[in-house]
Every structure is written in C-alpha cells, then in structure tokens.
Amino acid sequence: MADPERFDLVVIGGGPGGYVASIRAAQLGMKTACVESRSTLGGTCLNVGCIPSKALLHSSERFATTRDHAEEHGIRIGEVKLDLDRMMGRKREVVDGLTKGIAQLFAKNGVESVPGRGRITGPGLVEVTTEAGAVRSLACDRIVVATGSESAPLAGVEVDEKRIVSSTGALSLETVPEHLVVIGAGVIGLELGSVWRRLGARVTVVEYLDRILPGMDADLARQGQRLLGRQGLEFLLSAAVRGAETRPDGVDLRVEPAAGGEAEALSADVVLVAVGRRPYTEGLGLDELGVTRDDRGFVQVDERFETSVPGIFAIGDCIPGPMLAHKAEEDGVVCAEILAGQSGHVDYDKVPAVVYTAPEIAGVGHTEDTLREAGIEYKAGKVPFLANSRGRAIGETDGFAKVLADARTDRLLGVHVIGPMAGDLLQEAVVALEFGASAEDLARTVHSHPALGETVKEAALAALGRPIHV
Ligand code: NAD
C-alpha cells in the first residue's frame with residue numbers, strides 16, 4: 001500500500017460536531033480531513049434528523065392551519081388536500097441544498113472531504129474504506145471522533161423501518177397511517193407525532209413516566225400535554241411497551257402499566273420507537289485502542305476533549321452532555337481551538353433545548369425541579385401570551401414565559417417558554433444567562449412593541465413583583 005497521506009487533523013464524522021470542528025480547524029491553519037461514511041455531509045441532523053423534521057413540521061403545520069384556521073382570518077378556501085409526495089419532495093430539496101452547502105463550505109475553507117468508513121488503526125492512523133471497498137490510509141497528528149449517536153433499541157420491539165420505524169422511517173412514510181403509536185413522549189415522539197397528527201393520523205403516545213418531556217420544566221410539560229391533547233394527540237402515561245408483533249397490515253403491541261400489572265393490547269398501523277438515542281462508535285476500533293467509556297457507552301473525555309488515549313479526541317453526541325446538534329457544534333469549535341493551542345470550554349448548563357411542536361417548548365438553565373433539588377432559593381415570574389398584544393393580533397395566545405431568578409441576588413437561573421416561536425424567543429435569555437445577567441437586566445431592556453418577546457421581558461418584571469400587563 002502507498003504511504004499514508006499526511007494531515008494535521010483527521011475528523012471522523014461529518015455531522016454538526018465533525019463538520020464544524022473541521023472548518024474551525026482549517027480556519028486555524030490545520031491541514032484537515034473529514035471522513036464521512038454517508039454519501040452526503042451533515043450527519044443525522046441534516047440528513048435524517050433536525051432538518052427534514054423541521055421541514056415536515058413546517059409543511060404539516062401550514063396544512064393544518066390552512067385547513068382548520070383560515071376561515072377565522074376571513075380567508076375562504078375550497079377543500080384543502082394533502083399532496084404527501086410533494087411535501088416529501090420539498091423536504092428532500094431542503095436536505096439536498098443544505099448538505100451540498102457543507103461540501104461548499106469545505107471547499108471554501110480547504111477541508112478535504114474523505115468519503116468512506118473510518119477506523120483508527122493506531123495513534124495518528126486512520127484507515128478509510130469506501131463503499132466500493134477501496135482503502136485509503138491517512139496519517140495525522142491528532143484525531144477527533146465525532147461519530148454521533150443512533151436510535152436506542154427497545155427490547156421486544158424490532159425496528160424494520162416499515163411498520164415499526166425509528167425517527168428515520170417516520171420522516172419518510174409513504175402514506176398517512178390510520179393509527180400511529182409513538183413509544184416515548186420525548187422530543188422525537190412529540191415532534192413526529194405532531195407531524196402525522198396534523199396530516200390526519202390518529203396518534204397515541206405511550207410514555208413510561210407519568211409526564212411528557214422529562215428534563216424540561218414540569219410546568220411547560222403539563223401545559224404542552226394539554227395543548228397537544230387539544231390537537232388530538234392521545235397520551236398513555238405510566239405505561240411501558242413490552243413487546244410487539246408485526247402483522248402484514250399493522251402491529252400489535254403489549255402495553256403494561258409501568259408499575260407492573262396486567263398487560264393490554266394496543267394495535268397500530270405504524271409504530272414509532274422514540275425512546276432515546278445512544279452513542280454510535282461502532283467499528284472505529286476504540287476498544288482495541290483502550291479508549292475508555294462510561295457505563296452508558298459514552299466516550300470519556302477530559303476538559304480538553306481528549307480521550308484516555310493521547311492524540312484521540314471526541315466531541316458531540318458520542319461524549320456525555322446534551323445530545324443536541326448545537327452542543328456538538330460548540331464542542332467542535334472549542335475542541336479545534338484547543339488543538340490550535342487556544343483555550344475554551346462549553347458550558348453545558350446553558351445549552352438551550354427546543355421542542356418544535358406547535359406551540360414550541362423551549363428552556364435554558366435551571367428548571368424549578370432542579371432548583372428545588374439543589375436547595376437554591378428562587379423567585380419566579382410567569383406571564384401568559386394571552387397578555388401579549390402581538391400574540392392576540394396573530395391569534396397565537398397559547399402558552400407562557402417563565403423567568404427564574406435567585407431570590408437573593410436576582411441573577412437569572414433559568415428561562416422557559418412555551419408559546420409561538422418559543423425557540424427563537426429563548427435566545428435573548430441564553431445570551432443573558434451567558435453574561436450573568438439579572439432578572440432586572442432583562443426587565444429593563446427595551447423590547448420592541450408589539451412583539452412576542454415582550455412576554456419574556458414581562459415575565460422578568462413578574463419575577464421582580466412588578467408586571468405591568470398582567
Ligand atoms: P428522549 O430522551 O427525549 O425521550 C425518550 C422518552 O421515551 C422518554 O420520555 C422516556 O421516558 C421514554 N421511554 C423510554 N423507554 C420507554 C418505554 N419502554 N416505553 C415508553 N416510553 C419509554 O429521546 P428521543 O425523543 O428519542 O430523542 C433522542 C435525542 O435526540 C434526545 O437527546 C433529543 O434531545 C434529541 N433530539 C432533539 C431534538 C430537538 O432539539 N428539537 C429533536 C429530536 C431529537
């Protein structure tokens with residue numbers, strides 16, 4: 001075999017963690033290669049995750065809004081019909097455009113894209129095998145593992161991506177199922193459950209816990225469940241799916257109360273398994289090299305993102321921390337900067353989380369539960385969108401904003417929003433938290449009128465005990 005090609009850095013994985021790390025490293029002068037086994041760059045997020053789901057969420061919401069709410073605005077339309085093929089076609093165009101965009105960014109920044117499956121054969125050595133079987137050897141000073149995550153399996157419920165699907169299959173169903181059963185009331189379950197509910201499916205969400213969206217503020221989860229229930233999503237809480245039997249035209253599920261007891265049968269046309277994700281590092285050779293992982297399989301890294309093997313670094317979903325594209329991107333930037341001799345860190349306590357249902361559900365920082373657990377005394381201000389004039393004008397009055405601040409110092413500790421554009425509204429709170437702002441800082445910041453963001457300001461005023469509009 002020919003001598004390996006030399007790079008300063010080889011990044012394995014071209015998702016939001018890996019492609020961003022590659023670009024940042026190249027900007028900092030490193031000769032960088034990014035190895036990706038998919039035929040397109042962008043990883044799960046762009047190909048089968050965040051982006052296609054947001055395309056379908058938007059299209060399905062437009063469909064449902066036109067069907068159900070056009071008349072209230074004085075807009076008369078005839079029968080509203082679904083063209084699922086066209087909707088899926090648009091989703092593919094969005095994904096195509098964005099994945100090609102990353103290839104262009106690589107070209108612009110001088111990152112070498114290496115197609116194929118990477119395997120670390122020794123310190124500073126990566127062997128890449130293409131789908132056709134060709135092997136290419138890369139030598140480098142440092143390696144960054146950014147191989148992401150995969151859907152977690154559920155015992156007794158085998159995914160075939162036809163009748164029993166993961167998020168990947170649920171993004172490409174060819175027809176609207178009559179009855180979709182979603183296992184797991186987490187982010188994926190609620191987002192994709194919403195898509196198919198809006199397009200006409202009956203949707204039942206089975207959740208092991210006694211609440212939806214574990215980890216998010218309980219107040220938002222309760223309100224979210226109520227609002228999604230109003231849209232027709234049915235919830236079966238404190239229930240565990242113990243087994244599935246696939247028929248030619250559907251699936252029979254065995255559902256037990258989480259606390260134990262008699263099993264019940266639940267039939268579905270399609271079942272979506274959305275019970276979480278797990279790190280994906282298969283075939284990389286990490287175990288042979290002695291890279292240590294925690295008990296859940298996440299690659300262990302130090303504060304410099306270096307694994308137990310010097311020269312091998314890891315970022316994104318395959319290491320501990322929130323499994324989110326924007327966290328992976330920040331890992332990627334900071335890791336590349338550390339490799340270039342700079343310093344930095346990512347504050348995982350200030351990573352925003354957004355659920356793109358309608359309304360959106362978003363939060364950053366402490367929840368009331370985590371504050372109580374930590375024994376931190378806090379004050380809360382909560383204001384509904386019903387009190388927001390822009391919300392009233394556009395007919396988006398569901399939900400509220402909640403500001404949590406330290407009872408003694410007034411320092412912002414957490415901000416949570418369920419309501420129209422909540423994910424975007426949250427961003428000012430993320431900046432405020434990052435800058436160590438107080439509730440008063442947020443309350444005294446001028447917000448344009450009429451704007452949805454006024455509700456965040458008003459919630460800060462409410463935390464200070466002096467709201468104006470409620
Ligand atoms: P999740 O962890 O958000 O939710 C999984 C849910 O399944 C939990 O509520 C859990 O209690 C439940 N569950 C587990 N086993 C069960 C069982 N046997 N029966 C019934 N319920 C069961 O996981 P997810 O929704 O699969 O998402 C995976 C990851 O992808 C998450 O880390 C998420 O943050 C990320 N993601 C993020 C976004 C976004 O940011 N908008 C969108 C999609 C996915």
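Counting starts at 1 for both ligands and their atoms, in listed order. The structure displayed is predicted, hence computed values, not measured ones.
Formation of a donor-acceptor pair under 3.5 Å by the D210 side chain with backbone atoms of S238 is not found in this model. At least one donor-acceptor pair under 3.5 Å links the side chain of R211 to the backbone N or O of L213. A donor-acceptor distance shorter than 3.5 angstrom exists from the side chain of N47 to the backbone of G43, with no hydrogens or angles considered.
Ion pair R86/E93 flagged as a salt bridge, since at least one NZ, NE, NH1 or NH2 atom sits closer than 4.0 Å to an Asp/Glu carboxylate oxygen. Using a 4.0 Å cut-off between a side-chain N of Lys or Arg and a carboxylate O of Asp or Glu, R92 and D96 do not qualify as a salt bridge.
Counting heavy atoms closer than 4.0 Å to ligand 1, residue L154 contributes side-chain atoms (C-beta onward) but none from N, CA, C or O. Using a 4.0 Å cut-off between heavy atoms, A239 contacts ligand 1 through its backbone alone, with no side-chain atom that close.
When each atom of ligand 1 is checked for a heavy atom of G184 under 4.0 Å away, the hits are 6 (C), 7 (O), 12 (C), 21 (N). For ligand 1, the atoms lying closer than 4.0 Å to a non-hydrogen atom of L209 are 11 (O). The distance from ligand 1 to the heavy atoms of I183 drops below 4.0 Å at these ligand atoms: 19 (N), 20 (C). The L324 neighbourhood of ligand 1 comprises atoms 34 (O), 37 (C), 40 (O), with distances under 4.0 Å to a heavy atom of that residue. Atoms of ligand 1 found under 4.0 Å from any heavy atom of M323, numbered from 1 in the order shown, are 32 (O), 34 (O), 35 (C). In the vicinity of Y356, heavy-atom distances shorter than 4.0 Å reach the ligand 1 atoms 41 (N). Counting the atoms of ligand 1 from 1 in the order shown, those under 4.0 Å from a heavy atom of V206 are 20 (C), 21 (N). Near V241, with a cut-off below 4.0 Å to any heavy atom, the atoms of ligand 1 are 19 (N).
In this structure, P322 does not count as a contact residue of ligand 1, since none of its heavy atoms falls inside 4.0 Å of the ligand.
Looking at R222 and Q225, their side chains never come closer than 4.5 Å, going by heavy atoms from C-beta outward.
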Kindly list each side-chain donor-acceptor pair under 3.5 angstrom involving residues 350-364, sequence neighbours excluded, with atom names and distances?
| residue | atom | partner | partner atom | Å |
| --- | --- | --- | --- | --- |
| K350 | NZ | D347 | OD2 | 2.7 |
| T357 | OG1 | P359 | O | 2.9 |
| E360 | OE1 | A422 | N | 3.4 |
| E360 | OE1 | G423 | N | 2.9 |

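Considering backbone and side-chain atoms together, V187 places an N or O closer than 3.5 Å to an N or O of ligand 1.
For atom 4 (O) of ligand 1, the nearest non-hydrogen atom of the protein is G186 CA, 3.3 Å. Of all protein heavy atoms, the one closest to atom 9 (O) of ligand 1 is E207 OE1, 2.6 Å. Ranking protein heavy atoms by distance to atom 16 (C) of ligand 1, first place goes to V275 CG1, 3.6 Å.
In this structure, a donor-acceptor pair under 3.5 Å is absent between the side chains of S113 and E36. Side chains of T367 and H416: no donor on one and acceptor on the other come within 3.5 Å. In the model, H447 has a side-chain atom that pairs as donor or acceptor with a side-chain atom of E428 under 3.5 Å. Checked by atom type, the side-chain pair R293/T281 shows a donor-acceptor distance below 3.5 Å.
Scanning R277, E256, R211 for the heavy atom closest to atom 29 (C) of ligand 1 points to R277. The residue among G423, G276, P214 with a heavy atom at the shortest distance from atom 2 (O) of ligand 1 is G276.
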